[in-house]
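As the structure is a computational prediction, the values presented were derived from the model and not from experiment.
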Amino acid sequence: MSYPTIRIPFGPQHPFHIEPEYFMFEVDGERVVSVKPRIGYVHRGIEKAIEDRTFIQNLYLIERICGICSHAHTTCYTQAIEEILGVEIPPRARFIRTIIAELERIHNHYLWLGLAAHEIGFETLFMYTWRDREIVMDLLELLSGNRVHYAMNTLGGVRRDITPEIVEKIRKGLDALEERMRYYKKIAMTEPTISKRANGIGILKPKDALALCAVGPTLRASGIKRDVRADDPYIAYSEIPFNVITYDRCDVISRLFVRCDEVFESVNIIRYAMEHLPEGKIRIKVPRRVPEGEAVSRVEAPRGELIHYAKTNGTTKPERYKVRSPTLGNIPSLCKMLVGGYIADIPIVIAGIDPCFSCTDRMAFVNVNNNKQWILSGEELRRYAIKWYRKE
Amino acid sequence: MGLFKWARTRSPWIIHFNTGGCNGCDIEVMAALTPRFDVERFGIIIRGSPRHADMLVVTGPVTRQVRDRLVRIYEQMPEPKFVIAVGTCAISGAPFMGCYNVHGGIDAVIPVDAYVPGCPPKPEAIIDGIVKLIPKLRAG
Amino acid sequence: MTKGIAKENQIVDKVKEVIGKSVLEIEIPRPRRIFILIDKKAFGKATHYLTKKMRFSHVSTITGVDVGKEIEVIYHLNRGGTIELSLKVRVAKDKPVLPTIIDLIPGATLYEREVHDLLGVTFEGHPDLSPIILPEGWPPDVYPLRKEWTLKKVQKRIMKGGKQ
Amino acid sequence: MVPEGIMALIQILLFPGFLFLIALAFFHEWVDRKLLAKLQNRYGPLYTGPAGLLQPFADFIKLLSKEDITPKAADKFMFSCAPLFMLSFPLLALFLIPVTGLTASISFEGDLIFLMFLFTLIAITIFIAGWSSVSRFSTVGGVRAAFQMLGYEIPMTLVMVGPAIAARTLSISQIVGWQTHNAAWFIWLQPIGFAIFVLCLLAELEFIPFDIPEAETEIVAGWFTEFSGRKLALIRLGKDVELVLAASLITSLFLGGPNSSLPILATGFFLLKTTLAVVLFTTLRALFARFRIDQMIAGAWKYLIPLAILQMVLIQLGFGRW
């Protein structure tokens with residue numbers, strides 16, 4: 001006889017999930033039958049707010065869509081507006097933007113590794129990775145004055161320059177980061193408990209990944225070689241040699257390896273960019289009023305392809321501005337991965353796509369809120385559900 | 001009663017809730033637990049359930065969707081409880097002021113005891129906020 | 001800026017062959033970007049052709065823009081990660097209905113729901129168009145991204161009509 | 001001189017009794033937290049008392065002073081009894097362990113079996129606590145605790161009986177006496193048994209590799225999500241005393257217990273060995289990620305039970321016997 005399926009809430013307040021997300025799982029026994037993510041908790045209505053702020057004010061707002069990929073958002077935004085203006089930013093600014101983008105990628109992947117370790121209960125690895133993340137936070141603070149929102153980008157170039165001493169400090173920091181990440185990758189490969197909890201979990205076959213339009217490391221972990229930096233090069237990526245990482249095991253552990261190798265790639269990109277840093281200005285004057293036009297700009301954020309669409313009407317305020325963050329692209333694939341898995345795998349599979357609901361939520365998606373409880377008879381749980389989540 | 005006061009100031013347990021912020025403050029709150037800042041030196045532990053916590057660390061401007069979850073979590077915490085608003089979003093809704101789906105600061109929803117400005121505030125600033133709240137804890 | 005857009009011109013010519021007469025506007029501002037505005041009637045044929053024959057199988061996102069009397073829905077299709085083709089369709093504001101493309105690209109479910117939520121465009125054939133982004137208790141007739149709903153009007157309407 | 005009754009009272013209330021055990025529980029929690037912090041490259045509690053020694057005590061007193069909430073939907077009676085059981089069972093079990101000499105406060109033939117029964121009772125209390133607080137998370141935690149008990153109970157019992165067979169007695173005090181008499185600890189005689197026993201105790205204490213019933217990231221705080229104030233204080237104290245119980249069990253069954261009859265020397269040895277056992281638990285706790293509940297039970301049934309049976313066979317063949 002089959003148990004009645006039980007609805008399992010997962011969120012919105014969760015001890016170690018940074019953002020409020022909320023998944024409704026229909027569960028039959030220990031297996032997940034269907035998933036309905038429901039967010040909307042972080043929807044602030046940014047797109048409406050963008051339309052009544054000037055282009056310079058929008059820089060401040062767009063940077064705060066997401067704490068971890070703030071530089072990716074501003075790069076995408078400045079690129080779109082500069083394309084409409086038909087302005088070419090100086091090469092030194094392009095290289096500095098690339099350096100900050102790669103530092104942000106390293107910062108994101110270290111942060112993700114720690115959170116994933118915490119999801120499967122590996123406290124020590126979480127503490128170690130977040131201790132080493134402080135190295136890259138110090139570098140970013142050295143470069144831009146702030147640990148999280150760097151405010152380096154502005155329309156027409158970059159706000160601060162890189163002096164030779166900073167280059168020297170960055171080089172030392174990079175060596176330490178690379179050496180530590182090699183150590184963590186070795187742990188991830190050899191530690192039996194990690195492979196027990198991440199091997200063969202959350203499978204996403206290449207066919208599904210393509211059909212559900214997955215992006216970033218989630219797509220590359222299913223063996224598909226897609227990276228905006230290589231396919232549709234922007235800022236200085238056309239002048240810097242690097243290779244796109246793919247693994248074809250399609251599970252959480254291969255997403256981990258993709259991110260580990262991407263840190264090594266980012267370190268090489270930064271070293272190459274610092275050696276070939278062109279001289280010259282870092283910013284050019286840009287008119288306040290943007291002519292009428294539209295532009296689509298794409299950026300490889302640490303979590304995947306980030307796309308902005310800008311439409312301007314000749315005034316100092318954009319007519320319409322659309323942001324689609326990488327996490328939203330990965331959520332259909334996430335639902336596909338979760339179905340059929342165990343309840344205990346849910347946190348690590350969700351963490352596998354490195355969800356950033358602050359970006360996503362200015363968008364949204366599939367409805368039905370959710371609850372997390374186990375088998376047993378539905379009656380007692382419903383009695384409590386009324387008290388716990390009045391929304392039900 | 002001196003013993004209760006001493007005990008209360010020595011082990012403030014916190015619970016963290018993000019009400020729609022950009023998670024910049026949230027990673028700084030969690031960074032405070034990690035080896036470089038290590039709040040456990042003051043006896044501060046992050047707890048999972050509102051029942052176990054004394055302080056509610058809230059980040060982000062309260063979006064309309066999260067509003068009543070925040071109130072419910074606040075109600076579930078046992079007395080004496082305190083609220084720390086971390087980040088300018090939590091204090092006034094900062095860049096998202098005027099967005100149609102945002103309530104603005106936390107104090108529009110629940111009483112707040114300590115404000116930690118900054119976007120995001122550094123972990124040292126967050127720890128300083130909690131330490132400054134301890135005299136209030138002593139008062140009970 | 002005509003350097004290196006040979007491939008893009010090829011694609012545009014092929015599209016013209018299939019749905020020549022209903023292509024209203026074409027623009028190639030830079031390499032790897034194409035903007036095509038087509039008439040609503042040829043929408044089904046165009047999307048089928050692009051996704052199946054021309055292998056634009058990845059939809060980056062779907063944007064809704066309020067252009068006065070009409071709502072312009074833009075499908076950002078992508079081929080092999082490189083060329084980004086933005087297919088634009090205009091729909092009357094009082095009767096905004098479009099066929100869904102979920103059968104061609106399953107990944108588009110979320111983007112269509114979002115446009116429905118914020119701009120009120122209904123997609124026929126979409127399995128589940130219930131509200132997703134806006135909070136529970138949001139008044140159903142308020143579409144925040146439409147021009148007539150200015151920020152103040154939305155704020156006032158929510159206070160009066162909405163739950164909070 | 002001092003009448004018999006008062007001596008017994010002092011023994012129960014003060015020395016090897018409540019006060020001493022509760023102080024030892026706080027001390028062991030401090031050792032656990034400090035060592036875990038050191039292993040994670042952190043400081044751990046520093047400012048409450050010398051090097052944070054009084055941190056567990058401060059936590060306990062603070063929780064006592066907090067408001068005590070009972071959820072409306074909860075089953076009132078069981079909800080308030082569970083913390084009391086949670087504290088009293090381990091304390092009772094600790095009286096069976098010899099601390100100040102070769103014989104415990106209470107020692108009778110078969111107290112090993114009684115101890116195993118107490119272990120099962122603790123697991124059942126956890127289940128009742130989770131079940132009675134009816135919150136979704138605690139019910140899942142309670143059910144997982146019950147499942148976990150199925151996993152570790154059988155190998156643990158098999159392995160605990162090992163030393164009893166070798167010493168041909170079912171009383172813990174006599175096992176300790178046998179080990180001191182023959183100066184042969186069972187850790188050398190039955191190493192497999194020792195390893196399995198440590199793993200099962202980790203599962204019983206719900207430490208990291210097996211802290212599935214209170215997996216923070218999956219189900220908030222597991223079976224004790226709903227408890228607050230005094231009840232939570234009692235539960236946390238109960239868990240600390242359980243840690244002391246586990247450590248002292250290892251000392252008496254496998255490390256020879258307080259192997260001298262002089263009270264001071266005996267207590268000294270006892271304290272040293274139990275702290276060593278706690279250090280062992282914490283190091284194991286820092287090195288592993290959390291298993292899934294089905295992996296844990298599969299592991300227990302596939303590996304621990306056959307190994308425990310192998311250990312039993314070895315004893316029969318005379319290896320563990322001397």
Side-chain angles (χ1 to χ4, degrees), chain A residues 36-41 43 45 47-49 51-52 83-84 86 208-215 219 224-228 230-233 293-298 305-309 311 319-325 328-329 331-333 336 360-369 391, chain C residues 1 27 29-35 57-67 72 74 76-86 88 104-115 117-118 127-138 144-147 149-152 154-155:
Chain A
K36 298 275 188 318
R38 152 79 175 147
I39 307 188
Y41 291 95
H43 174 61
E47 287 177 11
K48 191 72 177 174
E51 281 162 17
D52 72 351
E83 191 182 319
I84 296 176
D208 301 334
L210 278 172
L212 294 169
C213 308
V215 284
L219 188 64
I224 296 156
K225 203 174 179 54
R226 277 251 178 98
D227 187 331
V228 180
D231 309 339
D232 182 359
E294 59 184 348
V296 168
S297 90
R298 295 168 68 222
E305 174 214 22
L306 168 69
I307 178 167
H308 285 202
Y309 167 76
K311 183 169 177 132
E319 158 90 7
R320 171 77 165 98
Y321 198 85
K322 164 100 180 162
V323 173
R324 194 276 285 152
S325 67
L328 181 62
I331 292 297
S333 335
K336 188 100 179 74
T360 317
D361 239 1
R362 10 143 332 308
M363 281 288 175
F365 42 89
V366 182
N367 187 356
V368 173
N369 50 25
K391 277 280 158 303
Chain C
M1 286 263 283
E27 196 201 329
R30 53 164 280 219
R32 296 187 298 275
R33 290 292 181 279
I34 309 170
F35 291 89
S57 61
H58 172 83
V59 61
S60 296
T61 187
I62 301 175
T63 319
V65 184
D66 178 348
V67 283
E72 188 179 82
I74 309 167
H76 302 281
L77 302 170
N78 186 293
R79 179 169 78 166
T82 51
I83 297 172
E84 188 80 24
L85 184 141
S86 303
K88 295 200 233 176
L104 298 167
I105 309 171
T109 47
L110 312 177
Y111 309 139
E112 286 183 349
R113 296 180 62 97
E114 193 264 340
V115 173
D117 245 24
L118 293 180
D128 167 15
L129 269 179
S130 53
I132 27 175
I133 180 172
L134 299 169
E136 284 114 3
W138 180 273
L145 282 185
R146 285 197 177 180
K147 285 293 180 224
W149 285 101
T150 62
L151 262 178
K152 280 168 221 45
V154 171
Q155 215 82 13

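Heavy-atom minimum distance, C/Gly107 versus A/Cys213: CA-SG, 4.0 Å.
How far CG of A/Leu212 is from CG of C/Leu110: 9.0 Å, rounded to the nearest 0.5 Å. Note that CD1 of C/Ile105 is 11.5 Å distant from CG of A/Leu210, once rounded to the nearest 0.5 Å. Put simply, CD1 on C/Ile74 and CZ on A/Arg320 are 8.5 Å apart, with the number rounded to the nearest 0.5 Å.
Ranked by heavy-atom pairs shorter than 4.5 Å toward chain C, the options A/Ser333, A/Gly293, A/Pro233, A/Gly329 are led by A/Pro233.
Remark: A/Ala209 engages A/Leu204, A/Ala214, A/Leu219, A/Ser222, A/Ile224 in a side chain to side chain contact (heavy atoms under 4.5 Å, CB included) (not counting sequence neighbours). By the side chain to side chain contact (heavy atoms under 4.5 Å, CB included) test, A/Glu319 is found to be paired with A/Lys311, A/Asn313, C/Lys147, residues two or more places apart in sequence or in another chain being considered.
Looking at A/Val296, both its backbone and its side chain come within 4.5 Å of chain C, counting heavy atoms on both sides. Proximity to chain A is limited to the side chain of C/Ser86, based on heavy atoms less than 4.5 angstrom apart. Only the side chain of A/Asp52 has a heavy atom closer than 4.5 Å to any heavy atom of chain C.
Note on C/Arg30 versus A/Asp232: salt bridge recorded, some NZ/NE/NH1/NH2 to OD/OE distance being below 4.0 Å.
Of the candidates A/Arg324, A/Glu47, A/Lys322, A/Glu294, C/Thr63 forms a side-chain contact (heavy atoms from CB on, under 4.5 Å) with just one, namely A/Lys322.
Side-chain N or O atoms of A/Arg298 include one that pairs as donor or acceptor with a backbone N or O of C/Gly81 at under 3.5 Å.
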